[in-house]
Every structure is written in C-alpha cells, then in structure tokens.
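Remember, it's 1-based here, ligands and their atoms both numbered in the order they're listed. Only a predicted model underlies this, so the values are computations on that prediction, with no experimental measurement involved. No hydrogens, no waters, no symmetry mates; every other heavy atom, side chains included, goes into these values.
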Amino acid sequence: MAEARWERGYERLLARVDATGASVREGFPHYGDPLTGEWTRSPSGDWTGGFWNGMCWLAAHSTEKARYRGWALRWAEALLPRAMSDTVFRGFLFYYGALLGDVLLGDARAREIALAGARAWAASFNEKAGVFGLGAEAEEASDVGAGEASIDTVQGAALLVWAAANGGDSAWRDMAISHARRHVELCVRDDGSICQSASFDSTTGAMTRRYTHKGIRPDSTWARAQAWGIVGYAVMYQWTKEIEFLDAAQFAAQWWLGHVAGDRVAYWDFDDPDIPDTARDTSATAIVAAALLKLAALTGEEHKQRQYRVAAEETAAALVDRYLDPRGVLSHGCYNRRIGLATQNELIWGSYYLFEALHVLTGRLEPARF
Ligand code: GLY
C-alpha cells in the first residue's frame with residue numbers, strides 16, 4: 001500500500017517536471033497558481049532557482065533520461081552569473097542547482113559551476129563575525145542592515161564543505177562550520193524552537209537582536225524557520241560529521257514533532273492565534289519530511305531511527321494524499337503571509353523537497369547522499 005502511494009507521488013512530480021520543462025523557457029519557476037498550474041517565474045533565479053534544477057538533477061538520476069540532464073545543465077548555466085550576486089543564497093542556488101549534478105551524476109560541468117558559486121561566495125565571509133551575512137542582494141536584505149543572519153542559510157554552507165574537498169580551498173570548510181555553529185547561537189532558542197533571523201554587530205560579531213521577516217512575531221515560530229534549521233543542520237552533519245550539528249538538527253526536529261498539527265501538516269506559523277482557521281505551509285512540511293529521512297539514516301540511535309522514519313512517512317503520506325494533485329502540483333505552500341504573497345500556492349522548493357523525499361521512499365536515492 002505504502003509503496004503504491006510513494007510511487008504515485010513520485011510519478012506525479014515527475015510529470016510536473018515534464019510539464020514545467022516543456023513550458024518554461026525563460027526565468028526560473030518560483031511559485032505556481034494551483035488552479036491554472038502556471039508558474040510565476042524569477043528572471044535570474046532569486047533564491048529559489050536551484051530548486052528547479054535540483055528537481056531535474058533528481059529526475060536525471062532516477063530515470064537516466066538525457067532530457068532531464070539537459071534541462072538541469074541548461075538551467076545551471078543560467079545560474080552561473082549568480083556566482084557574482086552579493087547574496088548568501090548562493091548556497092541554495094549552487095548546492096541544489098549544480099552540486100547535485102556532480103554528486104548524483106559525476107557531471108563535470110555541474111562541478112565547475114558549483115565550484116564557481118562556492119569560490120565567489122566564500123570571498124564574502126565576515127571573519128570577525130564568523131558568518132556569511134545576508135548580502136546586499138539577498139531576498140530579505142532590503143529592509144535591514146549590514147550584519148544580518150538567517151537560519152535558511154545554514155544548509156547552503158554545505159556547498160563550501162563539498163567545495164573544500166573538491167578542488168577548492170580547505171579554509172572554506174572552516175568558514176562553513178563557523179557559519180553553521182554561530183547560527184545555533186543566533187537562531188536556536190533554548191527550547192529547540194527556531195527564530196528566523198538575527199542582527200549582529202558586523203565588526204565584533206556580537207548578536208544585537210532576534211527577529212523575523214516572515215513569521216507572525218519575533219518570538220513566534222515561523223514554520224519554515226524551524227524546517228530550514230532541521231534540514232540545515234542535518235545536511236551540515238552529513239557533510240562534516242561534526243556531532244554538534246546532529247544534536248542541533250535533532251533538537252529542532254524534536255520540537256517540530258512535539259508541536260506540529262496532529263495530521264502532520266504545519267500551519268504557516270506555529271503561534272498564529274487563528275489556528276486551525278489559518279494557512280498551512282506544505283513547503284515547510286515537505287522540507288521536514290526530507291530532513292527526517294536524512295536524520296533517520298544519520299542517527300546511530302535505533303529508537304530515533306524508527307521515530308524519524310515513521311514521522312517522515314506519515315508526513316510525506318499527508319502531503320501525497322491531500323495536497324499533491326494528479327498534475328503533480330503541491331498546493332497550499334505559504335510563501336509570505338505577512339505581505340499576502342503566494343499564501344496557498346505551489347512553491348518550487350516545497351516540490352523539490354517532496355520529490356527528494358519520494359526518491360528516498362521509493363528506494364531511488366540513499367537518504368543521506370547529500
Ligand atoms: N527565504 C527563505 C524562505 O522564505 O523560506
């Protein structure tokens with residue numbers, strides 16, 4: 001039964017990759033209208049462009065069909081100019097957009113592009129603070145200052161760990177570890193919940209405040225902050241084997257499991273007083289499904305392996321059964337509720353993480369390969 005569900009979900013998302021690849025020629029799929037299936041595109045990939053390539057790399061890996069590899073490479077080339085963008089989200093862009101091509105297919109051009117993104121991003125490290133700040137061109141940077149950090153940048157640091165071992169500078173690994181380590185202090189609260197963002201003094205690195213761009217309040221828990229923290233630390237542990245990152249991922253995962261709605265699909269902010277009459281966020285939920293599968297493979301403790309695997313399966317099942325339609329459109333992602341942007345939509349990163357999780361659940365991908 002479960003196998004049929006995973007296979008159905010995988011086939012639906014693969015069909016969505018086909019439809020998107022055939023129809024989108026310019027700009028990267030960013031968020032979709034769940035009724036028409038039409039994508040709003042970002043001309044140069046915003047912070048999300050790599051997730052589309054990532055879906056193509058996964059499809060190329062699991063089907064061995066040349067057209068997916070061709071699309072992934074074409075879109076990786078389109079991302080290459082972003083190596084010079086002043087944004088911390090070069091991590092997301094070049095990890096999913098290019099590194100996956102090397103890890104999954106040994107693609108030499110993908111490797112060059114991933115290294116170019118890593119090299120340029122590494123040059124922006126703030127030595128004093130021990131972090132990569134958001135950067136002037138980052139998604140959230142327009143309304144804040146120079147010393148800004150966000151939990152959604154931890155996962156991308158793994159690009160530098162990979163790059164340090166694949167032709168880059170060995171110092172990049174240390175930068176990545178420092179970046180991730182400092183975000184525990186900046187964003188992870190004492191109870192394991194996560195605050196999206198923090199400001200720091202860019203000359204001393206001292207934290208000056210915690211706040212949120214997309215959550216309901218600075219002291220609330222925005223679902224995607226929690227989700228980005230779980231996957232960020234799981235991925236950083238996978239690449240570094242630094243135990244503190246496994247601990248951070250598990251701490252945040254336990255908080256999620258203790259607070260998520262009974263049907264496993266998160267509301268957009270855990271502290272919205274209107275719950276249950278408010279928006280869900282299937283993208284945060286999909287990130288966590290993929291991350292729990294990684295944690296189940298990474299933890300050495302048997303009871304946790306079981307707990308994470310069962311929770312991952314229940315989470316993925318809720319998404320496949322209730323939110324993934326026959327076209328492969330994953331509805332009810334909530335991009336930015338504060339400004340009313342795409343609050344019940346298909347979001348490219350949500351689709352990516354559900355596709356990744358379904359690759360694992362159908363046995364097409366090892367859970368902690370990247
Ligand atoms: N900036 C990442 C997010 O909106 O989840």
Novice: How are the rings of F89 and F92 set to each other: parallel, tilted or perpendicular (split at 30° and 60°)?
Specialist: parallel
Novice: Within a 6.0 Å radius of atom CD on E7, are there more than 12 heavy atoms belonging to other residues, nucleotides or ligands?
Specialist: yes
Novice: Would you call the rings of W47 and F51 parallel, tilted or perpendicular if under 30° counts as parallel and over 60° as perpendicular?
Specialist: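 Judged by the thresholds at 30° and 60°, the geometry between W47 and F51 is perpendicular.
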Novice: Identify, chain by chain and in numerical order, each protein residue with a heavy atom under 4.0 Å from an atom of ligand 1.
Specialist: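 Ligand 1 pocket, heavy atoms under 4.0 Å: W47, E139, E140, D152, K214, W222, R224, W228.
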Novice: Do you see a donor-acceptor pair shorter than 3.5 Å between the side chains of W222 and T212?
Specialist: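 Note: W222 and T212 side chains miss the donor-acceptor criterion.
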Novice: Do the side-chain N and O atoms of Q307 and Q254 include a donor-acceptor pair separated by under 3.5 angstrom?
Specialist: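 The criterion, which ignores hydrogens and geometry beyond distance, is satisfied for Q254 and Q307.
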Novice: Output every pair passing side chain to side chain donor-acceptor pair (under 3.5 Å) with a member in residues 230-243, not counting sequence neighbours, ordered by first then second residue.
Specialist: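 Listed by first then second residue: Y95-W239.
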